[in-house]
Each structure stands twice: as C-alpha cells, then as structure tokens.
Amino acid sequence: MQAEIDNEEYVYTYDDPLDRGYKQFKLTKKQHNKLFPKRKRNWKTRYEYYYNKDRVILQCFTSYKAIVLTTVLFPILILFAGLYNFKEAILEMKWMYNEKKYGKFSEDWISRGQHRKGDGEKYFEIINLLGEESVVIED
C-alpha cells in the first residue's frame with residue numbers, strides 16, 4: 001500500500017531568533033574552532049550566534065567570499081554543467097543569495113540542560129566566554 005502525498009506545498013518562513021527574545025553575539029574564528037572542533041569555521045562558511053537563558057543557537061551560512069567566487073565563476077560552472085542544468089543552477093544561485101528566505105542553511109543549538117552529552121557544560125563555557133552577567137539562570 002502506497003502512502004498518499006498531500007499536494008499542498010509547504011512554504012518555509014524564517015523565524016528570526018531576535019524576534020523570539022534571543023540576543024546575537026559574535027565569536028572570533030579562533031574562539032569558534034576551540035568551542036566547536038567538529039564544526040570548524042573556514043573561508044566557505046559564516047556563522048551567526050544567538051543566546052538566551054536556556055539555549056545557544058548557531059546558524060551556518062555560505063560566506064560572502066564563497067558567494068562572490070561562485071558568482072564570478074558561474075558562467076564557467078554553467079559550461080561544465082551544461083545548459084541542460086541551467087534552470088537548476090539558477091535556482092541554486094537564488095537559494096545561495098537568500099539562504100534565510102529559503103531555509104538553505106544549517107542550524108544547531110546547545111541547551112543549558114542535558115539533551116546531549118556535554119550540552120550543559122558547553123552552554124556555560126560559551127556564556128562565560130561572553131562574560132555575560134545579564135544572563136539570569138532560573139531553575
């Protein structure tokens with residue numbers, strides 16, 4: 001028996017953490033790579049960081065350098081991919097320019113609680129790094 005697929009199209013809407021009461025902060029590349037050794041920053045990625053009293057959110061996007069390089073090399077990429085894939089290539093470029101609008105980014109979060117091993121310690125390590133005294137931990 002085959003499952004029925006609903007024909008209604010899902011429309012993604014970006015839910016800005018700032019609108020949900022989070023505060024944005026910045027980390028240097030060195031700080032980021034020390035805190036997240038399995039999620040290192042490089043020239044192809046940029047991160048946005050948000051926190052509140054319960055959670056830290058990391059959102060990973062394509063870096064501006066990578067977007068510029070892809071844009072400059074786009075005609076060459078089309079020649080290699082062939083004109084047959086032109087529409088798909090244009091769509092992917094559109095997604096890259098508007099990652100938040102189309103949900104084409106990755107997001108991870110670290111909870112103050114123990115959802116995964118080490119989450120609580122990592123949360124407090126980040127908060128201590130920020131030196132944020134206004135973060136009130138309520139139980």
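Counting from 1, the numbers follow the sequence of the chain as shown.
When atom types are taken as modelled, the side chain of Glu88 and the backbone of Asn85 share no donor-acceptor pair closer than 3.5 angstrom. Under the 3.5 Å distance criterion, the side-chain polar atoms of Thr45 are left unmatched by any main-chain donor or acceptor of Arg41. The closest donor-acceptor contact from the side chain of Arg46 to the backbone of Thr62 lies under 3.5 Å.
If you take OH on Tyr22 and NZ on Lys53, they are separated by 10.0 Å, rounding to the nearest 0.5 Å. With rounding to the nearest 0.5 Å, the separation of OH in Tyr102 from CE in Met96 is 13.0 Å. Taking NE2 of His32 as the reference point, atom CG of Asn42 lies at 9.0 Å (rounded to 0.5 Å). The structure places CG of Asp15 at 4.5 Å from CZ of Arg20, a figure rounded to the nearest 0.5 Å. Here Arg112 contributes atom CZ and Ile127 contributes atom CD1; the two are 10.0 Å apart, rounded to the nearest 0.5 Å. The OG atom of Ser63 sits 9.5 Å away from the NZ atom of Lys44 when rounded to the nearest 0.5 Å.
The cluster map of Ile, Leu, Val, Met, Phe, Trp and Tyr, joined by side-chain heavy atoms under 4.5 Å apart, puts Val56 and Leu129 in the same cluster. Placement of Leu73 and Ile78 in two distinct hydrophobic clusters is found when ILVMFWY residues are connected by side-chain heavy-atom separations under 4.5 Å, directly or transitively. Under a hydrophobic-cluster definition in which Ile, Leu, Val, Met, Phe, Trp and Tyr are linked whenever side-chain heavy atoms come within less than 4.5 Å, directly or via other members, Ile67 and Leu91 are assigned to different clusters. Hydrophobic cluster membership differs between Leu79 and Phe86, with clusters built from Ile, Leu, Val, Met, Phe, Trp and Tyr side chains linked at under 4.5 angstrom.
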Exercise for review: Starting from the C-alpha separation in whole Å, work towards a yes-or-no answer on side chain to side chain contact (heavy atoms under 4.5 Å, CB included) for Ile126 and Tyr51.
Suggested key: CA-CA 9 Å; Ile126 294 167; Tyr51 75 94; over 6 Å; no
Practice item. Take Trp43 and Leu69, measure what side chain to side chain contact (heavy atoms under 4.5 Å, CB included) needs, and give me the verdict at the end. Key: CA-CA 11 Å; Trp43 71 273; Leu69 183 64; 3.8 Å; yes
Practice item. Starting from the C-alpha separation in whole Å, work towards a yes-or-no answer on side chain to side chain contact (heavy atoms under 4.5 Å, CB included) for Leu77 and Glu92. Key: CA-CA 12 Å; Leu77 296 172; Glu92 288 182 16; over 6 Å; no
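The side-chain heavy atoms of Glu107 and Phe105, taken from C-beta on, include a pair separated by under 4.5 Å. Proximity of Phe36 to Leu58: side-chain heavy atoms (C-beta onward) are separated by under 4.5 Å at one or more points. Put simply, the side chain of Lys34 does not reach to within 4.5 Å of the side chain of Gln31, judged on heavy atoms. Put simply, the side chain of Pro17 reaches to within 4.5 Å of the side chain of Gln59, judged on heavy atoms.
Heavy-atom contacts from other residues, nucleotides or ligands closer than 6.0 Å to OH of Tyr12 number more than 12.
The aromatic rings of Tyr49 and Tyr47 lie parallel to each other, their planes meeting at an angle below 30°, with 60° marking the opposite boundary.
Here the closest non-hydrogen pair linking Gln24 and Leu18 is N-CD2, 3.8 Å. The heavy-atom pair separating Asn52 from Asp54 by the smallest distance is OD1-N, 2.8 Å.
Each of Lys101, Lys100, Glu99 was scored for a side chain to side chain contact (heavy atoms under 4.5 Å, CB included) with Tyr14, with one residue passing: Lys100.
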